[in-house]
Undergrad: 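Structure provided below as structure tokens; questions to follow.
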Amino acid sequence: MEPKDPDAPIDPYSEYDLYDVINGDLPAGKSTEYEGLHLISSGPSVTVQPDGHAGSVDTIDPEDYDDVLELVDELNGLVLEWRELSINGTDEDLIEWAGPWVTSDESKADDDHWLVVPEDIPEAGV
């Protein structure tokens with residue numbers, strides 16, 4: 001996939017952006033990304049999931065935002081919390097906040113810090 005705008009600071013490879021999030025135009029099952037946070041639509045709300053983790057750290061209701069800068073402010077707060085936990089927290093602190101790390105490495109299956117998932121997950125209906 002070619003980027004929409006290679007100079008765009010927010011996920012240039014996504015078909016959607018933060019304006020789609022606040023306008024309620026991010027279709028269910030689709031996502032965009034901001035600074036490593038995946039914003040995944042589940043219909044009327046959007047789940048925020050840190051890259052590489054199985055958990056979510058927030059749920060966004062698009063109706064709560066008057067403009068995209070309000071959403072960016074909230075997301076920046078989550079990014080700062082993630083970085084603080086990554087740098088100064090323990091693995092347990094980070095996993096409690098964001099869920100276990102996701103891997104396809106079967107050797108990590110017995111470690112509570114990891115959630116093992118298949119490398120290739122088939123799409124529904126295929």
Side-chain angles (χ1 to χ4, degrees):
M1 173 190 278
E2 289 295 317
K4 291 192 303 187
D5 176 6
D7 298 321
I10 302 170
D11 199 7
Y13 295 95
S14 178
E15 181 178 349
Y16 303 98
D17 58 27
L18 296 182
Y19 290 99
D20 294 317
V21 173
I22 65 165
N23 292 331
D25 295 334
L26 185 62
K30 298 294 184 178
S31 67
T32 191
E33 187 258 342
Y34 178 80
E35 296 291 324
L37 296 172
H38 298 280
L39 286 76
I40 308 161
S41 177
S42 56
S45 64
V46 176
T47 300
V48 181
Q49 180 179 22
D51 188 44
H53 288 271
S56 65
V57 295
D58 201 0
T59 301
I60 293 171
D61 182 348
E63 294 181 6
D64 291 344
Y65 303 93
D66 293 326
D67 65 49
V68 75
L69 294 179
E70 290 179 6
L71 177 57
V72 167
D73 185 50
E74 183 169 329
L75 294 174
N76 281 340
L78 294 171
V79 169
L80 288 174
E81 186 171 359
W82 185 14
R83 288 183 181 154
E84 176 65 23
L85 287 170
S86 296
I87 294 167
N88 297 316
T90 64
D91 286 350
E92 287 74 20
D93 293 335
L94 184 59
I95 289 166
E96 182 179 329
W97 182 72
W101 290 292
V102 178
T103 183
S104 60
D105 182 353
E106 291 287 337
S107 70
K108 296 180 180 179
D110 293 330
D111 186 336
D112 289 340
H113 292 153
W114 296 91
L115 175 66
V116 178
V117 296
E119 198 165 316
D120 294 320
I121 300 173
E123 292 186 34
V126 177

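Because the structure is a prediction, the values reported are computed rather than measured. What you see below is based on every heavy atom in this structure, not just the backbone, and it leaves out hydrogens, waters and symmetry mates.
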Undergrad: Looking at every heavy atom in both Pro62 and Gly24, which two are closest together, and how far apart are they?
TA: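 Smallest interatomic distance, heavy atoms only, reads CB-N, 4.1 Å.
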
Undergrad: Is the ring pair Trp101/His53 parallel, tilted or perpendicular, if the boundaries are 30 and 60 degrees?
TA: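 Geometry flag for His53 against Trp101: tilted rings.
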
Undergrad: Looking at Glu70, I'd like to know if its CD atom is crowded, meaning that more than 12 non-hydrogen atoms belonging to other residues, nucleotides or ligands lie closer than 6.0 Å.
TA: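 It does: Glu70 CD has more than 12 such atoms within range.
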
Undergrad: Can you tell me how far the CG atom of Asp20 sits from the CG atom of Leu39, to the nearest 0.5 Å?
TA: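 The CG atom of Leu39 is 11.0 Å from CG of Asp20, to the nearest 0.5 Å.
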
Undergrad: What heavy-atom pair brings Thr47 and Ser56 nearest, and what distance separates the two atoms?
TA: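 For Thr47 versus Ser56, the nearest heavy atoms are CG2-CB, 3.2 Å.
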
Undergrad: How close do Tyr34 and Leu18 get, heavy atom to heavy atom, and via which atoms?
TA: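 Closest heavy-atom pair between Tyr34 and Leu18: CD1-CD1, 3.8 Å.
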
Undergrad: Specify the closest pair of heavy atoms between Ala54 and Val102, including all atoms of both residues, with the distance to one decimal.
TA: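 Heavy atoms only, the tightest pair is N-CG2, 3.6 Å.
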
Undergrad: Ignoring hydrogens, what is the shortest heavy-atom contact between Ile60 and Val21? Give both atom names and the distance.
TA: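 So the minimum-distance heavy-atom pair works out to CG2-CG1, 4.4 Å.
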
Undergrad: Could you check whether any side-chain N or O of Ser41 sits under 3.5 Å from a backbone N or O of Leu26, counting only pairs where one atom can act as donor and the other as acceptor?
TA: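 It does hold such a pair.
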
Undergrad: Would a distance-only check, ignoring hydrogens and angles, find a side-chain to backbone donor-acceptor pair under 3.5 Å from Ser31 to His38?
TA: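 No, the answer is negative, given that no donor and acceptor are paired below the 3.5 Å cut-off.
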
Undergrad: May I ask you to decide if Leu94's main-chain N or O and Asp91's side chain share a donor-acceptor pair within less than 3.5 Å?
TA: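 No, Asp91 side chain to Leu94 backbone: no donor-acceptor pair under 3.5 Å.
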
Undergrad: What pair of heavy atoms forms the shortest contact from Pro118 to Ser104, and how long is it?
TA: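 The pair with the smallest heavy-atom distance is C-CB, 4.4 Å.
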
Undergrad: Without hydrogens or angle criteria, can the side chains of Tyr19 and Asp25 be said to hold a donor-acceptor pair below 3.5 Å?
TA: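 Looking only at side-chain atoms, Asp25 and Tyr19 do not form any donor-acceptor pair under 3.5 Å.
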
